[in-house]
Chemist: 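Provided herewith is a single structure, encoded as structure tokens, for subsequent inquiry.
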Amino acid sequence: MKNKLAGITVFFVLLLIWGCSRTQEGIVKPEYVIVIHGGAGNASNRDINEEQQNEYKEKLNEALIIGESVLKQGGTCIEAIEKTINFLEDCPLFNAGKAAVFTHDGKNELDASIMQGWDLNAGAVAGVGDIKNPITAAIKVMTDSKHVMMAGKGASIFAKEQGLQMVDSSYFFTDKRWESLQRILAAEKHGTVGCVVLDKYGNLAAGTSTGGMTNKRYNRIGDAPIIGAGTYANNKTCAVSATGHGEFFIRYTVAHDISALMEYKDLTLIEASELVINDKLAKIGGTGGVIAVDKNGNIAMPFNTNMMFRAYAKSTGEKEVAIFK
Ligand code: ASP
């Protein structure tokens with residue numbers, strides 16, 4: 001009788017543990033999750049040939065491996081985001097760091113932000129032209145200053161004081177971006193990098209880094225450095241990083257809206273992010289997409305453009321690297 005009782009107790013305890021480790025969508029909760037993007041746009045299969053597609057996929061995969069190894073070894077979500085985005089910033093394929101797009105005046109003005117979900121602390125830099133890795137500067141603003149956002153010259157002075165690597169503005173020059181400015185002097189173009197993470201400690205964080213939009217003028221600042229627009233993280237709900245036509249993402253506070261729909265309306269991550277990107281934004285012509293991960297390790301990567309460079313990996317071994325729908 002005693003044995004039977006013990007058996008039943010063990011069964012129910014195991015059932016409870018199993019139940020707790022399941023996410024709202026019924027999948028076992030992964031230990032960690034990393035999702036990245038490399039920008040969204042309306043390029044078609046013909047605009048990016050197969051060789052170029054493979055090149056992009058290779059770099060996205062390398063970025064994932066870098067972030068995953070940090071998380072596997074017990075690193076935090078902030079460490080994983082910094083290493084992953086640093087790699088994408090240094091890679092000349094993406095519109096962040098090294099190959100940032102040009103402004104109307106032929107300069108580079110970079111934006112980046114970071115947010116951590118357990119205490120809603122955040123940091124951002126905007127319109128900087130001499131910091132090699134803007135995401136690292138954004139992290140420093142969060143961890144080593146009393147402020148959330150710094151812009152232009154002031155941000156550069158702070159970054160220098162923090163011992164960050166500074167570069168001459170010519171560092172950001174790439175022929176490809178220069179030609180693209182000349183080609184499309186009127187039509188703005190997309191491209192950005194982002195990373196969202198759930199780490200082993202159950203913490204969420206999001207980071208975004210960009211050169212902004214080609215041909216921008218008047219020190220225009222997009223959504224990427226704006227907390228709630230291009231970046232948001234909250235341990236109660238999810239972590240989000242956006243890419244697309246920044247003005248729409250600012251006006252519709254896209255990243256925070258997704259979190260709010262989950263918090264106040266009880267929507268799942270997929271429902272909330274689909275509603276914001278493919279309904280609300282699509283209706284008003286706001287092009288772009290987001291990557292997101294929730295507190296249970298569910299992910300979403302909706303976009304309303306032709307393509308979005310994107311990839312994710314989970315501790316369970318699930319992995320995908322993709323460009324088109
Ligand atoms: N969202 C960025 C901006 O508006 C650009 C992009 O994601 O492509 O500055």
Side-chain angles (χ1 to χ4, degrees), residues 35-43 47-48 56 60 85 88-89 91-104 107-115 124-129 134-135 138 149 151-152 155 172 174 176-177 180-181 184 187-196 206-232 240-258 273 276-277 281-282 284-292 301-310 323:
V35 193
I36 59 175
H37 73 70
N42 274 325
D47 301 317
I48 313 171
Y56 274 109
L60 288 170
I85 293 191
L88 293 168
E89 285 174 333
C91 171
L93 286 184
F94 301 99
N95 172 23
K98 174 68 189 153
V101 294
F102 285 98
T103 64
H104 186 76
K107 292 191 190 137
N108 304 101
E109 293 174 359
L110 292 77
D111 303 330
S113 69
I114 185 94
M115 185 172 192
V125 291
V128 296
I135 193 71
M149 189 192 270
F172 300 107
T174 52
K176 193 175 130 196
R177 298 301 186 198
S180 106
L181 171 67
I184 54 151
E188 268 84 349
K189 226 185 167 189
H190 297 164
T192 284
V193 304
C195 179
V196 296
T208 312
S209 182
T210 187
M213 287 174 94
T214 298
N215 199 25
K216 61 187 180 181
R217 299 176 82 174
Y218 314 115
N219 300 113
R220 174 265 188 192
I221 288 170
D223 60 315
I226 297 182
I227 299 305
T231 304
Y232 193 74
V240 181
S241 168
T243 175
H245 196 151
E247 280 66 13
F248 291 90
F249 284 71
I250 295 172
R251 290 170 49 213
Y252 282 73
T253 52
V254 164
H256 180 260
D257 198 21
I258 293 171
S273 56
V276 173
I277 297 299
L281 270 192
I284 49 138
T287 51
V290 295
I291 50 165
M301 306 186 286
F303 53 101
N304 60 30
T305 43
N306 281 349
M307 49 74 74
M308 180 168 81
F309 296 111
R310 62 197 188 280
I323 301 176

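Reckoned from all heavy atoms, side chains included, excluding hydrogens, waters and symmetry mates. Order of appearance sets the numbers: ligands from 1, and atoms from 1 within every ligand.
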Chemist: Are side-chain heavy atoms of Leu110 and Glu89 found at a separation under 4.5 Å?
Modeler: no

Chemist: Counting distance only, does the side-chain N/O of Asp111 pair as donor-acceptor with the main-chain N or O of Ala224 below 3.5 Å?
Modeler: no

Chemist: Just let me know how Arg220 lines up against ligand 1, side chain, backbone, both or neither, with a heavy-atom cut-off below 4.0 Å.
Modeler: side chain

Chemist: Any nitrogen or oxygen of His245, side chain or backbone, less than 3.5 Å from one on ligand 1?
Modeler: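 Min N/O separation from ligand 1 is not below 3.5 Å for His245.
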
Chemist: Are any of the N/O atoms on Thr243, whether in the backbone or the side chain, positioned under 3.5 angstrom from an N/O atom of ligand 1?
Modeler: yes

Chemist: What are the two closest non-hydrogen atoms of Asp47 and Asn42, and how far apart are they?
Modeler: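 Minimum heavy-atom separation between Asp47 and Asn42: OD2-O, 4.4 Å.
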
Chemist: Which of the numbered atoms in ligand 1 are below 4.0 angstrom from a heavy atom of Asp223?
Modeler: 1 (N), 2 (C), 3 (C), 4 (O)

Chemist: Looking at every heavy atom in both Val254 and Phe248, which two are closest together, and how far apart are they?
Modeler: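 Of all heavy-atom pairs spanning Val254 and Phe248, the closest is CG2-O, 4.5 Å.
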
Chemist: Should Gly246 be counted as touching ligand 1, given the test is an N or O pair under 3.5 Å?
Modeler: yes

Chemist: N/O of Asn95 under 3.5 Å from N/O of ligand 1, yes or no?
Modeler: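 No; the residue has no nitrogen or oxygen that sits under 3.5 Å from a nitrogen or oxygen of the ligand.
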
Chemist: Could you tell me whether the side chain of Ile221 reaches within less than 4.5 Å of the side chain of Glu109, counting heavy atoms only?
Modeler: no

Chemist: If you take the nearest heavy atom of each of Gly244, Gly38, Gly222, which one is closest to atom 2 (C) of ligand 1?
Modeler: Gly244

Chemist: Give me the one residue out of Thr192, Asp223, Thr231 that meets side-chain hydrogen bond (donor to acceptor under 3.5 Å, both in side chains) with Thr208.
Modeler: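 Looking at Thr192, Asp223, Thr231, the match for Thr208 under the side-chain hydrogen bond (donor to acceptor under 3.5 Å, both in side chains) is Thr231.
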
